[in-house]
Amino acid sequence: MGWSLRTIADLSDSEFGQWSKLLEERAGIQLTSMQKSLLQSQLSIRMRELGYDSYSDYYSLVTDGLQGRLEWSILIDRVAVKETSFFRHRASFEYVRRYLQDKINNRQLTDSFDLWSVGCSTGEESYSLAMVVNDCFELAQLDPYYGITALDISSTALAKARLGRYLPRAIEQMTAEEAKRYCTVCNDGSYEIVRKLRDRVCFTHGNVLQIRDMPEVQMDVIFCQNLLVYFRRWLRRDILNSLVERLKPGGILIIGLGEVVDWEHPKVTRVNNETIQAYIRHEQKKQ
Ligand SMILES: C[S@@+](CC[C@H](N)C(=O)[O-])C[C@H]1O[C@@H](n2cnc3c(N)ncnc32)[C@H](O)[C@@H]1O
C-alpha cells in the first residue's frame with residue numbers, strides 16, 4: 001500500500017472507544033471525548049501515509065506482531081502530548097537547587113548525585129535539571145559524579161532531546177546568564193546545549209507503566225511533571241508508589257502542582273511549601 005488521497009470516514013464512537021482503550025492500556029494515556037477529533041486527525045494522517053482507509057484494518061496492523069510493535073511506536077509518537085519548556089515550573093527547579101545546596105553545605109553528599117526525569121519529552125526539563133546541578137557544584141568548587149536519566153515513550157522526542165538543539169524561542173525561558181553559560185549558537189541560529197551538560201544526561205526509551213521492570217537504581221531526585229495528569233487517578237497513585245521505592249533515603253520526588261491531590265505514602269512526607277508539590281523520603285531508621 002502507498003500514500004492515498006482517499007477520504008477517510010469520521011471515527012465512530014465505538015472506534016474511538018476501541019482506540020482509547022488501547023492507548024490507555026498500553027501507555028496509561030486517557031483520552032477525553034474532546035480529544036476525539038485530535039485522535040482522528042492523527043490516525044487519518046498516518047493511515048493515509050500507509051494507504052489504509054479503514055480504522056479497523058489499521059487497528060489490526062497496530063496490534064499484530066512485530067510490525068504492529070513498530071507501528072505502535074510511530075503512533076504513540078504522534079498521539080502523546082509533548083509540550084514542554086526549559087524551567088517550565090521555575091519554583092520546582094529552585095527547590096532542587098536549595099535541596100542540593102543544603103546537602104553540599106551539610107556535607108551529606110554520597111558517591112553520586114542521581115536524578116531521574118520521567119516523561120522528559122524533548123529534553124528541556126532534563127537539561128534544566130543539569131544546569132541547576134552544575135551551578136551548585138561549580139559554586140561549591142566540587143566535581144563529584146552526577147547524572148540524569150531521562151525517560152520517555154516517544155522516540156522522536158528522545159531523538160530531539162539527544163541532539164540538544166533548540167530554537168531561539170525555547171531559550172527565552174532561561175535567564176540570560178543560563179543561556180550564556182549553557183548554550184552555544186549554531187550557524188543556523190539554533191542553540192546547542194554545551195557538551196558538558198549533554199554528557200550528563202542519558203535519554204532512554206521506556207514506558208512508565210513498566211516501571212517495576214526497570215533497573216532498580218536509587219535516585220536523589222525524581223522529577224515527574226505533566227505526565228501523571230494524563231492518567232487515571234488510581235494509576236497516578238500506583239506510579240507514585242513505585243517512584244517512592246526508587247528514592248534514596250532523604251531523596252525527593254517532585255510532581256506538577258495539583259497533579260495528584262489525594263495521595264500519601266508512609267515512606268514520604270510532603271514538603272511544606274505551597275508553590276511546589278514535593279515529597280521527601282524518610283531517612284532509614286537506625287537498627
Ligand atoms: C506534556 S509532556 C511533559 C514533559 C515534561 N515533563 C514537562 O513537564 O515539561 C509528557 C511527556 O510524557 C511522555 N509520556 C506519555 N506517556 C508516557 C508513558 N507511558 N511512559 C513514558 N513517557 C510517557 C510523552 O511522550 C511526553 O513527552
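Atoms within each ligand, like the ligands themselves, are counted from 1 in listed order.
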[X] versus ligand 1: do any nitrogen or oxygen atoms come within less than 3.5 Å of each other?
| X | value |
| --- | --- |
| A80 | no |
| F231 | no |
| G28 | no |
| A27 | yes |
| K82 | no |

Salt bridge or not between [X] and [Y]? Use side-chain N to carboxylate O under 4.0 Å.
| X | Y | value |
| --- | --- | --- |
| K196 | E138 | yes |
| E178 | R90 | yes |
| E94 | R97 | yes |
| R281 | D220 | no |
| D77 | K82 | no |
| R46 | E49 | yes |

Review point. Hey, looking at atom 2 (S) of ligand 1, which of V229, V81, T122, L209 has the closest heavy atom?
Key: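 Heavy atom nearest to atom 2 (S) of ligand 1 belongs to V81.
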Check your understanding: At the 4.0 Å heavy-atom cut-off, does G206 count as touching ligand 1?
Key ->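 For ligand 1, residue contact (heavy atoms, under 4.0 Å) with G206 is present.
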Exercise for review: Check if Y230 has a non-hydrogen atom at a distance under 4.0 Å from any atom of ligand 1.
Suggested key: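 Right, Y230 reaches ligand 1.
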In terms of atom number and element, which parts of ligand 1 are under 4.0 angstrom from non-hydrogen atoms of [X]?
| X | answer |
| --- | --- |
| T84 | 4 (C), 5 (C), 7 (C), 9 (O) |
| N207 | 18 (C), 19 (N), 20 (N) |
| S121 | 4 (C), 27 (O) |
| G119 | 3 (C), 4 (C), 5 (C), 6 (N), 11 (C), 12 (O) |
| N226 | 1 (C), 2 (S), 3 (C), 7 (C), 8 (O), 10 (C) |
| V208 | 18 (C), 19 (N), 20 (N), 21 (C) |
| L227 | 12 (O), 14 (N), 15 (C), 16 (N), 17 (C), 23 (C) |
| E125 | 5 (C), 6 (N), 7 (C), 8 (O) |

Distance-only donor-acceptor check, side chains [X] and [Y], under 3.5 Å:
| X | Y | value |
| --- | --- | --- |
| Q218 | D114 | no |
| E124 | T84 | no |
| Y182 | D135 | yes |
| E245 | S242 | no |

Point to revise | Top protein contact for atom 25 (O) of ligand 1, by heavy-atom distance | key: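 Answer for atom 25 (O) of ligand 1: D152 OD1, 2.6 Å.
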Exercise for review: Could you tell me the residue and atom name of the protein heavy atom closest to atom 22 (N) of ligand 1, and the distance to it rounded to 0.1 Å?
Suggested key: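 Result: I153 N, 3.3 Å.
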Practice item. Can you spot which of F203, F86, Y191, F93 makes a ring-ring contact (aromatic ring centres under 6.0 Å, His included) with Y127? Key: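 With Y127 as partner, F203, F86, Y191, F93 yield a single ring-ring contact (aromatic ring centres under 6.0 Å, His included), made by F203.
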Practice item. Return yes when atom CD of Q108 has more than 12 non-hydrogen atoms of other residues, nucleotides or ligands closer than 6.0 Å, and no otherwise. Key: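 Yes, because the 6.0 Å sphere around CD of Q108 holds more than 12 heavy atoms from other groups.
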Review point. Looking only at heavy atoms, is any part of Q225 under 4.0 Å from ligand 1, and if so is it the side chain, the backbone, or both, or is it neither?
Key: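 Under 4.0 Å from ligand 1, Q225 contributes backbone and side-chain atoms.
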